Asks: 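One structure coming up, written as structure tokens, with questions to follow.
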Amino acid sequence: MLEPNAATTRIATWNVNSLRVRLPHVLQWLESNPVDILALQETKLNDPDFPIDEITSAGYKVVYSGQKTYNGVAILSRQDAADVLTEVPGLDDPQRRFLAANFGDIHVVNLYVPNGESPESDKYTYKLNWLEHVRAYLEGALAAHSRVVVVGDFNIAPDDRDVYDPEAWRERILCTTTERNAFRGLLDTGLQDTFRRFNDAAGNFSWWDYRAAAFRRRMGLRIDHILSSAALIERCSECVIDTVPRGWERPSDHTPVVATYT
DNA sequence: ATGGTAGAACATCTA
């Protein structure tokens, strides 16, 4: 086990499903997991309503791009963000799902990928188009930066190991071959699924439906991911899914994923 | 049984 040192950087992602409700969970989690960077999705807050003071008091800077009721992304960080980007270039999208910034020499991209609803839905077409524009953005980002980390709620289970019942989910939303190919398209820009560098096993999940006691019954999907560029993956010592907060009172339906770089 | 729960605009929408 590596000793923590000044050169260690920990980056985490967590879909909180309303930061208004989950701010205490975030602050409690940060107390025992003082990561350098925490990317949040589904904050569901207008920017003027963002809880800056509470996050500043916890020792973090923050940048955010929110809207009322739906979506919304934020990045908490120990050091200041630079070159903040809130739009996917070339995509005219009122939904606040994208936030990119530099933290030192690391380019961080925080994604809340559209759910898609079902393969027959217009939202599915929107999801695939959104992912194609992000893929194009990442090609440029990887050409400009050596250290790139892409984190968030991807709303895609990359393969059958990431699904509690693969046959029941065959070609359903989050698991269709087309979505999985789009995920591979993101990796093909020069990124690796960081969790899979350390763990080949099935049954590791980051999301469990609120319904039908899915968490207790271990009926989950791995849809929250950390993708690392080659320069970062060779410095990555660990990537874990922290299932503890999913068991807390009034939890988000997602739980944090954390990568450690040395 | 297309069910079930959660969060938000608190009537439906989204997930």
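Just so it is clear, the model here is predicted, and its values are computed rather than measured. Each chain gets a letter, A, B and so on, in the order its sequence line appears, and its residues count up from 1.
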Asks: CD of A:Gln67 versus C1' of B:dA15: gap in Å, rounded?
Replies: 14 Å
Asks: Contact class for A:Tyr112 (heavy atom, under 4.0 Å): base, sugar-phosphate, or nothing?
Replies: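 If one applies the 4.0 Å heavy-atom cut-off, A:Tyr112 turns out to touch the sugar-phosphate alone, with no base involved.
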Asks: Report the nucleotide, chosen from B:dA8, B:dA6, B:dA15, that has the shortest atom-to-atom distance to any side-chain atom of A:Tyr210.
Replies: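 Nearest listed nucleotide: B:dA6.
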Asks: Rounded to whole Å, please give me the gap between CG in A:Asn15 and P in B:dA8.
Replies: 13 Å
Asks: Give the nucleotide from the list B:dA9, B:dA15, B:dT5 with an atom nearest to the side chain of A:Glu42.
Replies: B:dA15
Asks: In this structure, how many angstroms lie between the P atom of B:dA6 and the CZ atom of A:Arg22, rounded?
Replies: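 Distance, rounded to whole Å: 10 Å.
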Asks: Does the plane of the ring in A:Tyr137 sit parallel, tilted or perpendicular to the ring in A:His107? Use 30° and 60° as the thresholds.
Replies: tilted
Asks: How close or far is atom P of B:dA15 from atom CG of A:Asp209, stated in whole angstroms?
Replies: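 So the CG-P distance, A:Asp209 to B:dA15, works out to 13 Å.
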Asks: When you get a sec, tell me which of B:dT5, B:dT14, B:dA9 is the closest nucleotide to the side chain of A:Lys68?
Replies: B:dA9
Asks: Specify the separation, in whole Å, of atom CG of A:Leu174 and atom C1' of B:dT14.
Replies: 13 Å
Asks: Reading DNA chain B from 5' onward, which residue's closest nucleotide shows up sooner: A:Trp207 or A:Tyr70?
Replies: A:Tyr70
Asks: Whole angstrom is fine here: how far is it from CG in A:Asp253 over to C1' in B:dT5?
Replies: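 So the two atoms are 9 Å apart, to the nearest Å.
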Asks: Given atom CZ of A:Arg97 and atom P of B:dA15, what is their separation to the nearest angstrom?
Replies: 6 Å
Asks: Check the distance between B:dA15's P and A:Asn115's CG and give it to me in whole angstrom.
Replies: 5 Å
Asks: Answer yes or no: is there a donor N or O on one side and an acceptor on the other, between the side chain of A:Arg246 and the main chain of A:Trp208, under 3.5 Å?
Replies: yes
